[in-house]
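When a residue number appears, it is its place in the shown sequence, counting from 1. If you're wondering where the values come from, they're calculated on a predicted model, not measured in any experiment.
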Amino acid sequence: MHRLPFFIVDVFAEAKYAGNQLAVFRGAGGLSTAEMQKIAREMNYSETTFLLSDEQQNGGYDVRIFTPEEEVPFAGHPTLGTAFVIQREIAGKAADTIVLNLRVGQIPVTFGGAGGENDLLWMKQNQPVFGETVDPQRIAKVLSIEEEDIDHRFPVQEVSTGLPSLIVPLNSLDAVKRSRTNRDEYFALVDKLQAKAILVFCPETYSSQNQVNARVFGDYFGVPEDPATGSANGNLAGYLVKHRYFGRTQIDLRVEQGYEIGRPSLLYLRAEEKAAGIEVSVGGHVVMVAKGEFV
């Protein structure tokens, strides 16, 4: 294997060593799928991305995303983090939009500033698709909580803007903090669902500046809990609009995640119901942490 340059970034982070860590490998077009999977397993982040070429193809940059267990068609923090690296290292800071060619399709990422560390990056996701609902009693067993902890005004439902999640509305921050996956119950459930990740949320937060607290569990992908998850929060944005969680067809929210595992993260959600469907965008900051070569 030849020497590969790579970058470590923190995504959905307000400062270094917060948010969700990501490794981005550049010039990976010569690697086989097995080699990429092996590297992703060795890095052991929730996802690792591989930029196949510095040259654009069909209007975007070809990128593949791997968890430690498998390749996935889409994931939020790898999309933002990879676009950040491309702007900084390849396209130049004047580029205000970077398009990634992913297995799920083309995802544009826009930059909200002048190319600095304080830029707020936004990715427009695919329109959400709503799937199966799950009985609250069943999900309570999966999450090791009481059925009364679940907000029964809204369904427990699969949603996907590219990578499905099961969205679970809870009544309080205390219920969110007590949530723990019962592995036997978890795997028995997700074996029957398209969604493998479970997002629990409530409108009670640690910080008064934020509107939603969320946690995401993904044992299936080899990541028991993710500190910041753009795909799952994009699914959440669609869910909140469809079910009028805040009583309206448009949202503009700050979501905190990762507090319980010591990686406080902040995600920005925008979504609006229009005639053609629900438009979803997820935003956040990205911070460069380190550069190196993988041998």
Taking atom types as modelled, find out whether [X] and [Y] have a side-chain donor-acceptor pair closer than 3.5 angstrom.
{"X": "Gln106", "Y": "Asn101", "value": "yes"}
{"X": "Gln21", "Y": "His77", "value": "no"}
{"X": "Ser144", "Y": "Asn182", "value": "no"}
{"X": "Arg64", "Y": "Thr33", "value": "yes"}
{"X": "Thr82", "Y": "Thr49", "value": "yes"}
{"X": "Ser265", "Y": "Glu256", "value": "no"}
{"X": "Thr161", "Y": "Asn235", "value": "yes"}

Is there a side-chain contact between [X] and [Y], using heavy atoms and a 4.5 Å cut-off?
{"X": "Phe6", "Y": "Val24", "result": "no"}
{"X": "Phe246", "Y": "Val212", "result": "yes"}
{"X": "Ile198", "Y": "Tyr186", "result": "yes"}
{"X": "Leu173", "Y": "Tyr206", "result": "yes"}
{"X": "Val142", "Y": "Phe217", "result": "no"}
{"X": "Lys242", "Y": "Glu273", "result": "no"}

Among Val216, Asp226, Leu80, which one satisfies side-chain contact (heavy atoms from CB on, under 4.5 Å) with Asn20?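 One option only clears the test, and that one is Asp226.
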
Identify the residue among Val159, Leu189, Thr133, Val200 that makes a side-chain contact (heavy atoms from CB on, under 4.5 Å) with Leu166.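 Exactly one candidate clears the test, Leu189.
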
So, for Ala175 and Ser179, which heavy atoms are closest and what is the spacing to 0.1 Å?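 Nearest heavy atoms, Ala175 then Ser179: O-OG, 2.9 Å.
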
What pair of heavy atoms forms the shortest contact from Ala271 to Val241, and how long is it? CB-CG2, 3.7 Å

Do the ring centers of Tyr239 and Tyr245 come within less than 6.0 Å of each other? no

Centroid-centroid under 6.0 Å between Phe25 and Phe294 rings: yes

[X] atom [atom1]: more than 12 heavy-atom contacts under 6.0 Å:
{"X": "Asn58", "atom1": "CG", "answer": "no"}
{"X": "Glu132", "atom1": "CD", "answer": "no"}
{"X": "Gln250", "atom1": "CD", "answer": "yes"}

Are any side-chain N or O atoms of [X] and backbone N or O atoms of [Y], one a donor and one an acceptor, separated by less than 3.5 Å?
{"X": "Gln87", "Y": "Asp96", "answer": "no"}
{"X": "Thr229", "Y": "Ser231", "answer": "no"}
{"X": "Glu14", "Y": "Phe12", "answer": "no"}
{"X": "His152", "Y": "Pro136", "answer": "no"}
{"X": "Ser165", "Y": "Ile167", "answer": "no"}
{"X": "His243", "Y": "Pro155", "answer": "no"}

Inter- and intrachain pairs under salt bridge (charged side-chain N to carboxylate O under 4.0 Å, His left out), touching residues 155-182, at least two apart: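 Only Asp149-Arg178, Asp174-Arg178 qualify under salt bridge (charged side-chain N to carboxylate O under 4.0 Å, His left out).
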
Pairs flagged by salt bridge (charged side-chain N to carboxylate O under 4.0 Å, His left out) wherever residues 285-295 is involved - sequence neighbours left out: Arg3-Glu293, Glu89-Lys291

Is there a side-chain contact (heavy atoms from CB on, under 4.5 Å) between Arg215 and Gln257 once you walk through the steps? CA-CA 6 Å; Arg215 296 179 73 181; Gln257 189 183 328; 5.5 Å; no

Do the ring planes of Phe187 and Tyr220 sit parallel (below 30°), tilted (30 to 60°) or perpendicular (above 60°)?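 Rings of Phe187 and Tyr220: tilted, as their planes differ by 30° to 60°.
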
Less than 4.0 angstrom from a charged side-chain N to a carboxylate O is my criterion; do Glu279 and Lys274 meet it?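 Here Glu279 pairs with Lys274 in a salt bridge, since their nearest N and O are under 4.0 Å apart.
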
Between Asp10 and Arg263, is there a salt bridge with N-O shorter than 4.0 Å? yes

Which value, rounded to the nearest 0.5 Å, describes the distance between Phe84 atom CZ and Thr79 atom OG1? 15.0 Å

Which pairs pass ring-ring contact (aromatic ring centres under 6.0 Å, His included) with one or both residues in residues 86-109, sequence neighbours excluded?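 Found none.
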
Checking side-chain contact (heavy atoms from CB on, under 4.5 Å) for the pair Ile107/Phe74: CA distance, chi angles, key distance, verdict? CA-CA 9 Å; Ile107 301 293; Phe74 173 70; 4.1 Å; yes

Would Leu51 and Tyr61 satisfy side-chain contact (heavy atoms from CB on, under 4.5 Å), going step by step from the backbone distance to the final call? CA-CA 7 Å; Leu51 176 61; Tyr61 293 89; 3.9 Å; yes

Could you see if Val72 belongs to whatever hydrophobic cluster contains Val223? Use Ile, Leu, Val, Met, Phe, Trp, Tyr and a side-chain cutoff under 4.5 Å. no

